[in-house]
Each structure stands twice: as C-alpha cells, then as structure tokens.
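Scroll down for the structure; my scribbles are underneath it.
We name chains A, B, ... by the order of the sequence lines, and we start the count at 1 in each one.
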Number of protein chains: 2
Amino acid sequence: MPEAADAPGGRRDRRRIALRLEYDGTAYCGSQYQDNGPSIQSVLEVAINNLTGEAVRVAFAGRTDAGVHAVGQVVAFDTSSTLASRVVQGGLNHLLPEDVAVTAVATVDNEFDPRRHATNRSYRYVIENRGSRPALDRRRAWHVPEPLDQRAMADAAGQLVGEHDFAAFSGKYEGETRRTLRHCEVHRAGDRLTVEMEAQAFLPHQVRRTVGPLVEVGLGRMREAELVTVLQRAAPSSAGPAAPAHGLYLVSVAYDVPVFEREDDG
Amino acid sequence: MPEAADAPGGRRDRRRIALRLEYDGTAYCGSQYQDNGPSIQSVLEVAINNLTGEAVRVAFAGRTDAGVHAVGQVVAFDTSSTLASRVVQGGLNHLLPEDVAVTAVATVDNEFDPRRHATNRSYRYVIENRGSRPALDRRRAWHVPEPLDQRAMADAAGQLVGEHDFAAFSGKYEGETRRTLRHCEVHRAGDRLTVEMEAQAFLPHQVRRTVGPLVEVGLGRMREAELVTVLQRAAPSSAGPAAPAHGLYLVSVAYDVPVFEREDDG
C-alpha cells in the first residue's frame with residue numbers, strides 16, 4: 001500500500017529544504033543528538049515528521065554545544081512533501097517548542113550541504129562586565145565581575161586575525177588546524193562586551209577558547225605578546241580554558257549563493 | 001532576652017537601605033504580594049530575612065505587573081543590621097533566585113520614600129517586528145508579525161509628549177489623570193522597535209496602553225489624528241487594548257539627589 005503513493009519507478013520526487021533557525025540553547029544538550037537530553041536536532045526532526053509524515057535526518061551547518069544559542073543556524077533535509085515554503089515555516093513554528101523558531105525557509109539545490117558549502121560563519125560572544133550578576137541575561141551572557149580593558153582585548157584580538165595554525169585555540173581535534181580568521185573584534189556598549197568572530201570554518205570550541213584568553217588579557221593577567229606566543233607555538237589546546245557556553249551565539253552562515261534571498265523571514 | 005539586644009530606651013538604631021533591582025518578571029505574579037504566585041517582593045523579603053534575621057516590609061518605586069521586567073527598580077526597607085552595603089549586596093545576590101539581582105545598594109535618609117520621592121521614571125517597551133516568532137526573546141519582547149511603520153509611530157508618539165489628561169491611556173484609576181510625559185520616542189534597529197517613555201509618574205498600565213495604540217498606528221489601522229482625538233477626549237481607558245506585559249521594562253527611577261551615586265554597581 002505505501003508503494004501506491006510512490007512515483008513511477010518506485011522513487012518519489014524529493015526536494016531539499018533549507019531552514020534558518022533561531023534557538024535558545026539553554027534547555028538543550030546541543031544541536032546534535034546526544035544521550036543526555038533533548039537536542040535541537042531531535043525536536044526539529046520530530047516537528048518535521050509531524051508536518052510531513054516522513055522520518056528525516058537533518059544536517060546542520062555548525063554544531064553548537066549545550067547552552068549555546070543561535071540566531072542564524074542553517075539546516076537542510078530532504079522531503080517528498082510538496083508543501084509551500086511558507087507553509088513549512090508556519091507549520092514548523094507551530095509544532096516546534098517555543099525556544100526554537102524557523103526564521104526562513106527555502107527550497108535548495110539537491111546537492112546543497114549546509115556544512116561543507118558554507119563560505120563564512122559568524123559568531124558572537126556576549127560578556128556582562130559588571131559587579132553584580134545579571135538577572136535578565138543570566139542564560140545569555142558570561143558574567144565577568146572584574147573590570148575588563150576592552151582596548152587591550154581588541155588589540156590582542158587583532159593579532160589573531162589572518163591565516164594561522166590555531167591548534168592552541170582548539171579543543172581536541174585530529175585534523176588540519178590551519179584556519180583563516182577573517183574578523184575578530186571586541187566592542188563595549190556600557191556593561192556589555194561583545195566579541196565578534198568570522199571565518200569560513202572554525203576548529204572545535206575555537207570561539208570559546210579564544211574568548212577565554214582574551215578575557216585573561218582584559219583582566220591584565222595575560223599580555224598581548226604572551227597571546228601571540230601561544231598562537232605561534234601552536235601547542236594543542238594550550239591557550240587556556242574556554243569561556244562558558246551560554247555567552248555564545250551562532251549569528252549567521254553564508255554561502256556563495258544566498259540561500260534565503262527571496263524567501264527571507266516570512 | 002530579645003530586649004537585651006536593643007539600644008537604651010528599648011529602641012534599636014535603625015537605618016533605611018535602598019536597593020536597585022534587576023529582574024526577569026517571567027516567573028513572578030508582579031512586583032507586589034499577590035495570592036496567585038511568588039512576587040518580587042516576597043522573594044526579596046525572604047532573602048532580607050535570611051540575611052538580617054529581621055522581618056521587613058519592602059517599599060517599591062513602581063509596581064510592575066506579572067511578566068514585566070526591570071533593570072532599574074528601586075526599593076527601600078528599614079533594618080537594624082550594621083552590615084556594610086557591599087555585604088548586603090553580595091549576601092542578597094547569593095540568597096535571591098537567579099532571576100532577581102541587586103545591582104546597587106545605598107544607605108539613605110530615614111525619610112526616603114522610593115515611590116513618592118521619585119522625580120523621573122523611565123520605561124522601555126520592546127517589539128520584535130518580523131514574520132517569524134522570536135525564540136530567544138520570546139519572554140522579553142512583543143512579537144508583531146506585520147510590518148510596522150516606525151516613522152508613523154514616532155510622529156504619533158511625539159503628539160503625546162507634554163502635560164495632558166491621559167485618562168484615555170490609563171487602566172482603571174480614581175485619581176487625577178493629568179500627567180506630564182517628558183519623553184515618548186520610537187526607534188528601530190533591524191527587526192527590533194523600542195518605545196522609550198519618561199515621566200515623573202505614570203498612570204496604571206499607561207506605558208502598555210500607549211504602546212498598544214502606537215502599534216495600531218504603525219499597522220496603519222489608526223491615524224495620528226485619531227490618536228490625538230482620543231487623547232483630547234480623555235474618555236477613561238478608551239485608547240484601546242494594552243500591549244502585553246512581557247515587552248515592558250522599568251529601566252530607571254531618578255531622584256533629586258542620586259541615591260546610588262557612590263555605591264554604584266559593587
């Protein structure tokens with residue numbers, strides 16, 4: 001009986017759909033399946049299954065850890081559903097938990113790979129730099145109570161821009177550790193510091209393992225020259241502890257051809 | 001036995017302490033005691049009791065409803081505790097739930113009344129103006145999916161500035177409804193609209209009952225001239241429905257003499 005619905009040749013016409021996702025990572029064990037709690041992937045695949053009746057596997061542009069947020073994660077999946085993009089977006093936003101939202105939908109080339117085809121990834125790390133702990137942003141920013149020298153952090157961040165072996169700023173990783181960091185800036189607005197980083201690809205935990213040492217520089221515990229030495233020595237994971245997950249945001253993922261150009265934001 | 005701790009004459013030396021509070025109003029039934037759940041007042045009085053051993057009543061500069069947030073609420077209470085301000089702040093931040101924080105502490109004049117002595121109150125209302133619902137700010141902003149005309153809203157808001165009878169923009173209120181609105185501005189940054197309002201004192205629900213009609217103007221459902229007519233007629237609560245609570249923030253409360261001048265932000 002199920003075969004009756006299939007197209008001639010036993011193969012349905014399938015299409016690949018890309019979604020742009022925003023999520024609050026607080027309640028999740030991360031973007032991908034894990035044993036220790038719900039993931040963005042698991043709630044998304046359940047919602048797609050409820051919408052289309054199909055069991056799908058979703059591919060992510062970038063992994064995010066437990067507690068890490070996204071405003072522009074990109075995922076893709078295949079479906080034989082003929083629902084219009086707008087209906088997919090509305091339906092998924094109805095079915096998904098309130099801390100995960102689809103902000104754009106597009107039908108893409110069948111070969112589109114959200115991870116391998118990404119040409120730029122942009123991350124933001126948010127620090128609340130004030131004496132008292134934050135109440136409103138307690139899950140959305142790292143609280144650093146001692147005063148941070150934004151200028152020193154920005155100068156040190158500038159030393160990391162360019163093509164380098166970033167092994168010192170990576171978590172455990174077996175592969176090639178050369179990367180090109182296009183952008184690494186530190187800004188202050190009142191009590192809030194933001195670190196903005198961009199690259200085609202990052203090493204595991206690279207953003208958090210860069211923010212950690214930059215904060216050491218901001219606290220006066222590490223000099224810019226020491227950070228440069230750590231970079232040049234490239235000893236794996238030697239730059240110091242990672243900043244906590246809950247200050248990190250995956251802001252956007254870019255492709256050679258804009259994926260959501262015409263169907264942006266419902 | 002308790003009397004032994006009292007000063008001669010059976011009366012301890014008491015001092016008045018002012019606190020500046022930040023809170024996420026999501027989990028609370030509002031700033032003041034109510035029957036239907038925990039209030040900011042109840043968790044604060046419990047924390048003060050745990051710190052000082054005294055049962056105190058806390059006075060608020062302004063009432064906030066269930067779901068309304070604050071970054072600069074001001075409260076005051078009397079205590080015979082001799083703990084330093086810094087210790088009061090650290091102790092309360094340790095004892096309070098994570099969604100309430102003390103951002104400044106000061107010992108104030110024994111006559112200081114946070115509500116009656118306030119010379120300015122500043123509120124912010126945040127709107128997420130985009131097609132898809134927000135995930136990260138789902139409890140922190142009002143989601144308005146249809147495009148809002150910020151310019152039309154800003155122009156209409158300007159018509160409300162000055163001394164007027166604001167009865168049309170008030171919830172149920174028996175007293176005098178003339179107020180002076182010092183500031184009413186509408187700004188846009190990307191998908192985010194903010195309405196900033198300032199006055200020495202507001203009527204009940206005045207900010208939310210102003211934002212509601214301003215959004216009607218932004219949607220093209222009400223013209224600026226109609227809003228002005230509603231203002232001039234001053235028929236109680238006639239301006240239309242209030243905007244929802246979770247987009248509203250009490251930003252700051254000011255006094256003739258700055259309260260937290262020297263003890264700001266620990």
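- Taking the centre of each ring, B/Tyr23 and B/Tyr28 stay at or above the 6.0 Å mark.
- A/Leu21 does not touch chain B: none of its heavy atoms, backbone or side chain, sits under 4.5 Å away.
- Per-residue counts of heavy-atom pairs under 4.5 Å with chain A were compared for B/Asp137, B/Leu136, B/Asp24; the largest is that of B/Leu136.
- If you measure heavy-atom distances from A/Pro97 to chain B, the contacts under 4.5 Å come from the backbone alone.
- Under the 6.0 Å distance and 45° angle rule, B/Arg20 counts as a cation-pi partner of B/Phe260.
- Judged by a 6.0 Å distance limit and a 45° cone about the ring axis, B/Arg124 is not positioned over the six-membered ring of B/Tyr249.
- Of the two parts of A/Arg133, the backbone and the side chain both hold a non-hydrogen atom closer than 4.5 Å to a non-hydrogen atom of chain B.
- The minimum heavy-atom distance between B/Ser85 and B/Thr107, with the atom names listed, is OG-OG1, 3.9 Å.
- One N or O on the side chain of A/Gln150 and one on the backbone of A/Val186 form a donor-acceptor pair closer than 3.5 Å.
- Most heavy-atom pairs under 4.5 Å with chain B: of the set A/Arg139, A/His69, A/Arg140, this distinction falls to A/Arg140.
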